[in-house]
Amino acid sequence: MQKSRYSFVLDLQSTESQICLIAAEGDTNRELAISFSDGGVPFNLAGNETVVIFIEGPKGTHKAACTVENGGAYYKFDKYTCPIEGLHKCQLFIFEGKVDENYELFVEGDELWSPQFGLFVGPKKKRTMT
């Protein structure tokens, strides 16, 4: 099945939230395709950076790795992305280094945080019994 894709640009010179996305509780067939600008000028990742998304929800923070391709960052939703209803604050950490399987970060050079963006998770539609 094809994934629903949110494509958007984050301006790295801003610290304010620039977008709020909508999803349903438990959605996993979605992905983020994030491009960057630097004061309106395109900002391309070189491909050797590590990108981790932090998703702070009502019950804690989830960290996950993003893929770097075509100068941007891509994140595929998993079962921890929107497990419950509410507003989830998201932010990307872009750095030179690596991350282990427990998402412990090993920063070995430059680092950069993206602006935050929101993910509003709404309730699932109730299935009717026939």
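Residue numbers start at 1 and run along the sequence shown.
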Taking atom [atom1] of [X] and atom [atom2] of [Y], what is their separation to the nearest 0.5 Å?
| X | Y | atom1 | atom2 | answer |
| --- | --- | --- | --- | --- |
| Asp11 | Phe43 | CG | CZ | 11.0 Å |
| Glu85 | Glu25 | CD | CD | 5.0 Å |
| Ile53 | Ser114 | CD1 | OG | 8.0 Å |
| Ser37 | Leu10 | OG | CG | 8.0 Å |
| Leu112 | Phe36 | CG | CZ | 8.0 Å |
| Ile19 | Leu32 | CD1 | CG | 9.0 Å |

Of all the heavy-atom pairs spanning [X] and [Y], show the shortest one and how long it is.
| X | Y | value |
| --- | --- | --- |
| Leu45 | Val51 | CD1-CG2, 4.0 Å |
| His88 | Gly57 | CD2-CA, 3.4 Å |
| Ala33 | Tyr74 | CB-CE2, 3.4 Å |
| Asn29 | Lys3 | OD1-CG, 3.2 Å |
| Ala23 | Cys82 | CB-SG, 4.3 Å |

Surrounding OH of Tyr80 (heavy atoms of other residues, nucleotides or ligands, distance under 6.0 Å), is the total greater than 12?
no

Tell me, yes or no, whether the heavy-atom count around Lys63 atom NZ, taken from other residues, nucleotides or ligands under 6.0 Å, exceeds 12.
yes

Could you check Phe54 against Trp113 for side chain to side chain contact (heavy atoms under 4.5 Å, CB included), going step by step and ending with a plain yes or no?
CA-CA 10 Å; Phe54 287 77; Trp113 285 91; 3.7 Å; yes

Would you indicate whether the side-chain heavy atoms of Phe117 and Ile34 approach each other to under 4.5 Å?
yes

Using 30° and 60° as the class boundaries, would you call the ring planes of Phe95 and Phe93 parallel, tilted or perpendicular?
parallel

